[in-house]
Structures are given as C-alpha cells and as structure tokens.
Amino acid sequence: MADNNLNFMQGGGEMGELIRATDWSNTPIGPPESWPAPLRSSVSLMLNNLFPMYIAWGPGYTQLYNDGYRPILGESKHPQAIGLGTQETFPEIWETIGPMFTGVMQGKAVGFPDFRLVLERNGFPEECFFDFCYSPIRYEDGTVGGVLVTVIEITEKHKAYHSLDEANRKLEAAQAETRKERDRLKRFFMQAPAGICVLEGPKFIFELVNPLYQQLFQGRELMGRPLFEALPELKGHAIQDILQEVIRTGRTFQGNQILVPLAHTADGPLEDRYFDFIYQARLTHDNRVDGVLVFVYEVTETVRGHKRIEESEKRFRTLVEQAPVALLVNRGENLVFDIVNQPMIDIIGKGDQIKGKSWNEAIPELIGQPIVDQLYRTYRTGAEFRGLEVPIMLNKTGRPEQHYFNLVYRPLVEEGKITGLLQSAVDVTEQVNARKTLERAKDSLALALSAAELGTFDLDLLTGDLHWDERCRTLFGISHNRPVSYENDFLAGLYPDDKERVIRVIDQVMDIDIDNGNYDIEYRTIGAEDGQLRWLRAKGKAYFDEKKRPVRFTGTVLDISQQKTNEMRKNDFIGMVSHELKTPLTTLTAVMQIAALKLKDSENKQLASAIERGNVQVKRMTSMIKGFLDISRLESGKLVIEKTNFDLHQLLLEVVNELKLIVTGHDITLSNSPRLIINADRDKISSVISNLINNAVKYSPNGKPINVTCQRTKGEIIVAVRDQGIGIRQEDLAQIFDRYYRVNAHDMRNIAGFGIGLYLSSEIVKVHHGRIWAESVPGTGSIFYFALPAP
Ligand code: ADP
C-alpha cells in the first residue's frame with residue numbers, strides 16, 4: 001500500500017492527473033479500482049451526495065469534490081482545484097485549515113459551526129461563513145489516508161442573520177431613544193420651570209396639567225374639567241377671547257405681565273395676579289387645531305417688586321425734594337442733575353433749569369475747581385466723601401464769591417452698580433467767615449493781652465477746672481505748665497491779709513443780683529516759687545445759667561505793683577502834706593472867723609465881704625485837705641469809722657443849710673425827707689452828702705435848682721441828689737466812682753477837681769454796707785443815689 005499510496009500522496013501527481021481526466025460530471029461513476037478502498041468508498045459517498053463534500057487525499061491533500069462543493073470554490077478556483085493540493089488551492093486560509101488537516105491526519109476529527117474564513121475565490125477577498133466537519137478517511141488498519149470534508153456555506157444565511165440582528169439592534173436603540181425622549185418630555189413637562197397645561201377642544205378641557213400649573217391653583221380641581229368651569233373667575237376676561245382666537249386661527253399668542261384677577265384656592269379671595277404666558281395651538285396630523293398648549297409663568301412678585309421699586313423711587317424723590325437740607329441726586333457717569341430740592345436750588349443760585357444738565361453745563365464756574373474732580377472720583381471709586389468747610393467759588397450774583405460748604409457725596413448703588421450720587425450741602429459761609437473774624441479778633445486780643453501784659457484766668461465752676469495762661473501763672477510766681485486749682489494755687493497764692501477780703505468779694509461776684517457778676521479787685525500775691533510780693537488788679541465776670549447759678553468765672557489780671565508803689569508814695573506825700581497843712585489851716589480858720597465876727601458890724605462893707613469870701617475859701621480848702629487826708633488814710637487802711645445813732649433828716653438839713661450859705665447861684669432844696677434814726681459815722685456820711693451836692697453845683701450851670709430827697713424803701717434808706725446840669729455819658733457812669741477818674745469832656749475843661757470825691761464817697765458807703773450809683777442824661781441832668789441798710 002505504501003507504494004501505491006505514494007502517488008496519491010503527492011498532490012498533483014498521478015492521481016491528480018487521473019482525477020482531472022475523469023469526467024466527474026458523468027455521475028454516478030465509481031472511482032477507479034486502483035484507488036485505495038477507503039478512498040473509493042468515500043468518493044462514492046461523496047458523488048452520491050447532494051451536500052457539498054470534498055476529499056483531501058494523501059499527504060498532499062489532493063482534492064476531490066462533488067458538484068455541491070463547486071460554489072464554494074467560486075469562479076477562480078474551479079475546475080483547476082480538482083486533483084490539486086489543498087494548500088495550492090487555498091493559500092489564503094492555509095494557515096487556519098492546515099493545522100486542522102494535520103490534526104485530522106492524526107485521527108482527530110474537527111467540526112465548527114458558523115466558521116468565518118476570508119476566501120479569494122471570485123477575484124477579491126470575500127468574508128464567508130461555513131458549518132463544516134473534517135473527518136479522517138481510514139484504512140482498515142486504522143491509519144488515516146485523507147480528510148473528508150462535509151461543509152455547508154452559510155455566508156448568505158449569516159449575512160441575513162447579521163442584518164436581522166442589526167435591524168433588531170437599531171429597533172431597540174430607536175425604542176430606547178423614544179423611551180428616553182418620552183421620559184425627557186415627561187420630565188420637561190413635569191419639572192418645567194413654567195406652568196404647562198394642555199387644553200383640549202373648544203371647551204378647553206384640562207387634558208394635562210403639570211405640577212407648577214397646578215401650584216398656581218392649589219387644591220383646585222383642574223384635570224378633566226373645562227377651563228372656565230374649573231376657574232370660573234376667568235369668564236369674561238380677555239383671556240377667553242384670546243383662547244378662542246388661538247383655536248380659530250392657530251396663531252400663537254404671547255402675553256407679558258397680564259393682570260388676571262384670580263384666586264389661589266377654590267374659595268379664596270380674588271387677587272390681582274400677573275402672568276407671562278404663551279398660548280400655542282396644538283395641531284392634529286392633518287393640521288387641524290384641536291387644543292391649546294399653555295405655558296405660563298406667574299410674575300406677580302416681580303411685577304409687585306417693580307411696583308415697589310417704582311414706589312420707593314417715588315418716595316425717595318419726594319423725600320429728597322421735601323428735605324429741609326439741600327440735597328441733590330446726580331445720575332449716570334455724566335452726573336446729570338436728576339433730583340434737586342429747593343434748598344439746593346437756592347444754594348446753587350441758578351434757578352431750577354439746572355435739572356437734566358451736567359455739572360459743567362449747570363454751574364460753569366465750577367470748571368477747574370477741585371470739588372468737581374472729587375465728585376467724579378466718588379462716582380468712580382464708590383468711596384463716600386465728607387468735606388467740612390469746603391471752599392467753592394460760586395457766581396450767584398454776577399461776580400465770583402467765596403462760599404464754604406459742609407458736603408457729603410454718597411454713591412447710589414443699584415444692583416451692585418454705582419448709578420449716581422446723592423449729595424447734601426450745608427452753606428457754612430457765614431459761620432466760617434464769622435469764625436475767621438473771631439479768630440482774627442482772638443489773635444488781636446491775644447496780642448493786646450500780651451502787649452498790656454494781661455494774664456487771663458478761666459474757672460469752670462461746674463467742673464472746678466481752672467485755666468491760667470502763662471502770664472497769669474507768672475503773676476502767681478508759677479513757672480510750670482501743670483494744671484492749677486482754685487484752692488491750691490489761687491487762694492494759697494494770696495497775701496494772707498488780703499485773703500478774707502478777696503474771698504468775700506468773689507462770694508459777692510457769684511451772686512448775680514449783687515453786681516451782675518462783675519469782678520474788680522486789687523490784691524496782693526506771694527509768688528509760689530519766687531516768694532515775690534506782687535500787687536495785682538483783677539477784672540472779670542461771672543456767667544450764670546438760666547437758674548442764676550454761676551457756671552463760669554473768667555477775666556484778666558494785671559501786675560500793678562509799680563503803680564501801687566507810686567501811689568503809696570503819692571499817698572504818703574499827700575497824707576504828709578495834708579497833715580502839715582491842717583494845723584496852719586485850723587489857725588487860719590479861727591483867725592478868719594474872728595475877723596469876720598469883728599467886721600460883722602463894720603462900716604467897711606468891702607472888707608467885711610472880702611473876709612466873708614475868704615472864710616468860704618478857707619472852708620473849701622479845709623474840706624479839700626480833709627478829703628486828701630481821708631484818701632491817704634483809706635489807702636493805707638487807716639480810715640476809721642465811728643458809728644453813732646443820729647437823725648439822717650437832721651443831718652441832711654444841716655448840710656443843705658450850710659451849703660446854701662456858701663452857694664449863691666443855685667437853689668438847693670430838701671424835700672420828702674422823713675425823720676430817720678440811723679446808725680452810721682455821722683461825719684463821714686455828712687461828707688458824702690456835701691460831696692454829692694457840691695458836685696451838683698459844680699456840674700450845673702448857674703441858676704439850675706438842686707433837689708435832695710430821702711426815702712425809705714423795704715430794706716434801705718435812699719438819699720438822692722438831683723441836678724439839671726451837664727449830665728454824664730453812659731460810658732463814663734460806671735467809672736466816675738473810680739479813684740482819680742474825671743470825665744474827659746469839652747464842658748469839663750474849666751471845672752477844677754481831682755477825681756477823688758466820688759471815690760471817697762463810694763468807699764465810705766461801702767464800709768457802711770451800702771450802695772452808691774448814678775443815673776444821668778447828658779445835657780439834662782444827673783441823679784446821684786446812695787443807699788444805706790435800713791435799721
Ligand atoms: P471831681 O469833681 O473832683 O472831678 P469827683 O470824684 O467828685 O471828682 O467826680 C468825678 C467826676 O464825675 C467828675 O470829674 C465829673 O466829670 C463827674 N461828675 C460828678 N458829679 C457830677 C454831676 N453832678 N454832674 C455831672 N458830672 C459829674
């Protein structure tokens with residue numbers, strides 16, 4: 001068998017030729033007797049079978065196949081394949097089937113359903129599918145001589161299946177897509193941020209209602225009900241016509257902020273509600289309108305919000321316009337005048353035509369002034385500006401004038417954006433000017449104070465804070481700048497002998513009723529640090545609140561040490577001279593009186609009258625010397641008061657009568673004088689009265705009467721001396737009681753005097769705890785009063 005087999009086993013060998021020479025179409029014919037038995041039986045089987053079959057015989061896999069197999073070989077492999085080796089016929093798939101054939105030759109049958117192979121059988125690579133089985137063709141001894149292949153090509157079936165699969169897949173995908181689409185639509189419908197409903201047919205029956213639509217009418221039954229039955233309040237509303245119009249024409253209707261009075265709940269009250277909505281016709285497949293698709297947003301809150309904004313805008317405008325302070329609102333980046341109230345119009349002074357204009361147009365004189373930059377800066381940065389006493393040049397009256405304003409620029413912010421400026425302005429020009437004048441006055445005052453070497457003190461009586469300026473500190477011998485106090489520095493710095501008197505005077509100053517808080521005193525200090533004794537004159541005033549309580553005590557102090565020394569010297573001199581003059585004058589008075597007495601009845605009338613006149617002059621001189629002596633005693637604290645009880649009326653009478661003897665040109669009368677016993681120094685009070693009458697004589701033209709009266713009031717006895725003389729100016733009245741003070745006036749030039757009479761009188765009255773003052777009308781006359789405490 002080995003020899004025989006050799007030929008068969010070489011594909012294309014003898015056997016190949018034999019096979020090729022065989023007319024296989026002429027079936028059934030049996031295989032040649034020379035072929036091995038198993039091959040022959042296999043060939044017979046194959047040739048008698050309609051199913052495609054194929055034999056690959058021998059080691060070269062020489063090919064034999066039946067008619068059924070031909071289509072598998074295609075146009076380019078048949079009929080050449082007959083008798084050829086399989087590898088030669090199927091090089092393109094040999095890699096796949098070669099190992100299978102080898103396996104079969106070793107006795108292992110294989111079979112595959114739906115096996116894919118790419119064949120080159122019609123001139124191009126072709127994807128083919130097969131159900132096939134390779135089984136061994138065995139000799140009787142079991143060895144394998146070749147491969148029997150049964151095969152069915154299922155390429156077409158496979159393709160059909162495949163496209164069916166594909167179609168199925170597409171269908172499923174389409175279904176899934178539709179499902180998704182439907183879900184999406186449903187989601188959109190149910191979750192849409194708008195209320196959506198479908199109204200079906202001419203009765204507008206709710207066919208579909210999404211939750212948001214339902215929410216617009218909480219608890220009201222809508223689904224399945226006609227619109228105007230479910231929401232009867234809509235009947236007669238313009239909406240009814242609109243819906244019918246949509247059904248009729250198929251045109252879409254869109255409404256914005258439409259007011260619809262609707263109730264939220266079935267039995268709730270009608271409310272003004274606002275809606276944005278779209279009515280869209282729903283079309284059937286043949287384009288008929290069979291319903292209306294409704295999209296609706298409730299915008300009631302937005303509309304109300306807008307209305308509220310409008311309202312608040314209006315209120316803001318009214319507020320600005322009616323504000324009592326000057327306000328204005330600028331809008332936009334050109335800062336156009338939008339709202340300007342009357343006070344602001346008055347300040348700007350250009351009338352109300354400025355509305356709608358920009359700054360530069362409205363107030364051209366502001367161009368170039370820094371304040372305009374500030375305006376724009378505030379607008380740009382949003383930082384509020386507050387300016388005090390900002391100088392601005394305004395041209396209100398036709399010429400530029402300097403004004404000062406307290407200004408506030410505040411940005412107006414709407415929805416996070418600056419849209420304008422709100423400004424307030426207060427015209428403080430007058431205050432600033434007044435302050436500047438005051439500052440200048442203060443400067444001059446300070447200058448004057450320092451030039452006059454005046455120190456100042458200021459005591460806050462509520463807090464007890466005492467302020468002394470540098471000069472005042474120096475006068476109390478203090479060099480430090482630390483706080484000072486009334487007790488520790490002022491009182492402690494007083495000369496011990498003066499302390500009691502100063503305290504008494506200050507106590508009186510604190511009583512508004514005594515001298516309206518006026519303070520004028522001289523006292524000595526002992527320097528706190530330098531121990532130096534100084535004479536000071538302090539002048540000042542206490543200020544009172546509405547309840548007459550003193551709240552502040554302020555004034556100036558002046559160093560009068562030098563003046564005091566001079567005065568004391570002068571006093572000493574006057575005292576000494578007066579004292580020296582007193583003795584010779586007493587003698588002279590006595591001599592003159594004796595001479596007058598002797599000459600009383602003399603023939604020599606001329607001599608008698610000369611002596612009489614001499615006598616009057618000596619009396620005048622005596623009272624003058626007495627005055628000087630009193631002054632010097634007063635100054636040196638040696639004026640002694642000797643009080644006795646006496647009748648004031650009697651004294652007044654005596655003085656008037658005595659003066660009547662001396663004074664010839666005036667009629668001196670005493671009237672309204674009741675008898676009054678008082679306790680006082682008779683001699684000193686007498687000199688006060690005669691001083692006042694003498695002044696009345698001195699300062700009245702000849703012939704003018706002088707009247708003296710005395711009256712008792714509640715707690716006082718008041719003596720008044722009235723003349724019709726030259727009078728005293730108001731500004732002099734307060735000072736005529738000062739020592740050596742004489743009014744400096746033209747009509748005074750020829751009237752002799754030293755300015756001590758009233759000073760002495762006032763001192764005498766004061767030690768009697770009384771008061772002295774004068775009233776006068778210049779050119780008409782004066783009244784001098786003194787009051788003593790009534791017994
Ligand atoms: P003197 O008369 O010596 O000048 P006085 O102290 O008596 O001094 O008076 C002070 C000043 O008051 C006077 O210089 C005078 O200007 C004014 N005076 C006083 N009495 C009268 C009066 N009756 N009428 C007008 N002026 C008067």
Side-chain angles (χ1 to χ4, degrees), residues 520 567 570-571 574 577-578 581 616-617 619-635 639 652 655-656 658-660 662-671 684-710 718-768 770-787:
D520 186 355
E567 259 171 31
K570 195 164 79 186
N571 254 338
I574 291 171
V577 171
S578 311
L581 282 174
V616 169
Q617 294 307 326
K619 267 194 182 149
R620 273 209 180 125
M621 207 167 158
T622 309
S623 90
M624 209 185 286
I625 295 291
K626 192 168 165 287
F628 281 129
L629 256 180
D630 281 348
I631 275 278
S632 105
R633 284 187 191 133
L634 188 73
E635 297 289 293
L639 186 77
L652 285 167
V655 178
V656 167
E658 192 180 335
L659 285 174
K660 269 181 160 177
I662 308 169
V663 176
T664 47
H666 301 270
D667 179 22
I668 306 171
T669 54
L670 173 69
S671 54
K684 302 258 174 346
I685 295 298
S686 155
S687 75
V688 172
I689 300 165
S690 85
N691 192 349
L692 295 183
I693 299 175
N694 269 323
N695 275 351
V697 171
K698 237 170 41 173
Y699 300 107
S700 303
N702 256 346
K704 294 286 182 189
I706 292 158
N707 177 241
V708 182
T709 58
C710 173
I718 301 176
V719 175
V721 178
R722 193 180 309 251
D723 67 51
Q724 296 175 16
I726 59 173
I728 306 156
R729 287 176 308 210
Q730 203 60 29
E731 62 262 35
D732 291 315
L733 265 182
Q735 300 177 72
I736 49 175
F737 299 97
D738 291 352
R739 186 178 44 183
Y740 304 130
Y741 187 86
R742 301 208 69 222
V743 172
N744 185 11
H746 180 74
D747 44 7
M748 284 279 301
R749 273 188 312 182
N750 298 324
I751 307 172
F754 297 98
I756 58 164
L758 287 181
Y759 170 64
L760 206 54
S761 302
S762 100
E763 290 303 312
I764 290 168
V765 170
K766 271 191 223 162
V767 290
H768 280 88
R771 306 183 287 136
I772 187 164
W773 72 101
E775 292 165 3
S776 181
V777 179
T780 304
S782 315
I783 311 171
F784 278 79
Y785 301 92
F786 73 89

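Only this structure's heavy atoms are used, side chains among them; waters, hydrogens and symmetry mates stay out. Just so we're clear, the structure is a prediction, and the values are computed from it rather than from any experiment. Both counts, for ligands and for their atoms, begin at 1 and track the order of listing.
The CG atom of L581 lies 10.0 Å from the OG1 atom of T622; values are rounded to the nearest 0.5 Å. Atom CD1 in I689 sits 9.5 Å away from atom CG in L670 (nearest 0.5 Å). Here CD1 of I685 is found 9.0 Å from OG of S761. Values are rounded to the nearest 0.5 Å. Atoms CD1 and CG, from I631 and L760 in turn, are 5.0 Å apart once rounded to the nearest 0.5 Å.
Counting the atoms of ligand 1 from 1 in the order shown, those under 4.0 Å from a heavy atom of R742 are 1 (P), 4 (O), 14 (O). Listed by atom number, the atoms of ligand 1 under 4.0 Å from S782 heavy atoms are 24 (N). Ligand-side atoms of ligand 1 in range of Y741: 10 (C), 11 (C), range being under 4.0 angstrom from any heavy atom. When each atom of ligand 1 is checked for a heavy atom of G753 under 4.0 Å away, the hits are 3 (O), 4 (O). Atoms of ligand 1 found under 4.0 Å from any heavy atom of I756, numbered from 1 in the order shown, are 6 (O), 8 (O). Interface atoms of ligand 1 facing K698, defined by a heavy-atom separation under 4.0 Å, are 1 (P), 2 (O), 3 (O).
Residue contacts with ligand 1 do not include F737, since none of its heavy atoms lies under 4.0 Å from the ligand. The shortest heavy-atom distance from G755 to ligand 1 is under 4.0 Å.
Scanning all protein heavy atoms for the shortest distance to atom 7 (O) of ligand 1 gives N695 ND2, 2.8 Å. From the protein, the heavy atom lying nearest to atom 5 (P) of ligand 1 is L758 N, 3.7 Å. Counting protein heavy atoms only, atom 26 (N) of ligand 1 is closest to I728 CG1, 3.4 Å. Distance from atom 16 (O) of ligand 1 to its nearest protein heavy atom, with residue and atom name: M748 CE, 3.1 Å. The nearest heavy-atom contact from the protein to atom 23 (N) of ligand 1 is D723 OD2, 2.9 Å. Looking from atom 3 (O) of ligand 1 to the surrounding protein, the closest heavy atom is F754 N, 3.0 Å. Closest to atom 2 (O) of ligand 1, if we only count protein heavy atoms, is Y699 OH, 2.7 Å.
Nearest-residue assignment for atom 17 (C) of ligand 1 (options D732, I736, I783, L760; heavy-atom criterion): I736.
Taking each heavy atom of I728 and D732 in turn, the nearest pair found is CG2-CB, 3.7 Å.
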Show, in sequence, the C-alpha distance, side-chain angles and deciding distance for V577 and F628, and conclude whether the side chain to side chain contact (heavy atoms under 4.5 Å, CB included) test is met.
CA-CA 9 Å; V577 171; F628 281 129; over 6 Å; no
Would R771 and Y785 count as a side chain to side chain contact (heavy atoms under 4.5 Å, CB included) here? Give the steps.
CA-CA 8 Å; R771 306 183 287 136; Y785 301 92; over 6 Å; no
Can you check side chain to side chain contact (heavy atoms under 4.5 Å, CB included) on Y741 and V743, steps first, answer last?
CA-CA 7 Å; Y741 187 86; V743 172; 4.2 Å; yes
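Proximity of a side-chain donor or acceptor of S623 to a complementary backbone N or O of R620 within less than 3.5 Å is detected.
Looking at heavy atoms from C-beta onward, K570 lies in side-chain contact with Y740 at the 4.5 angstrom threshold.
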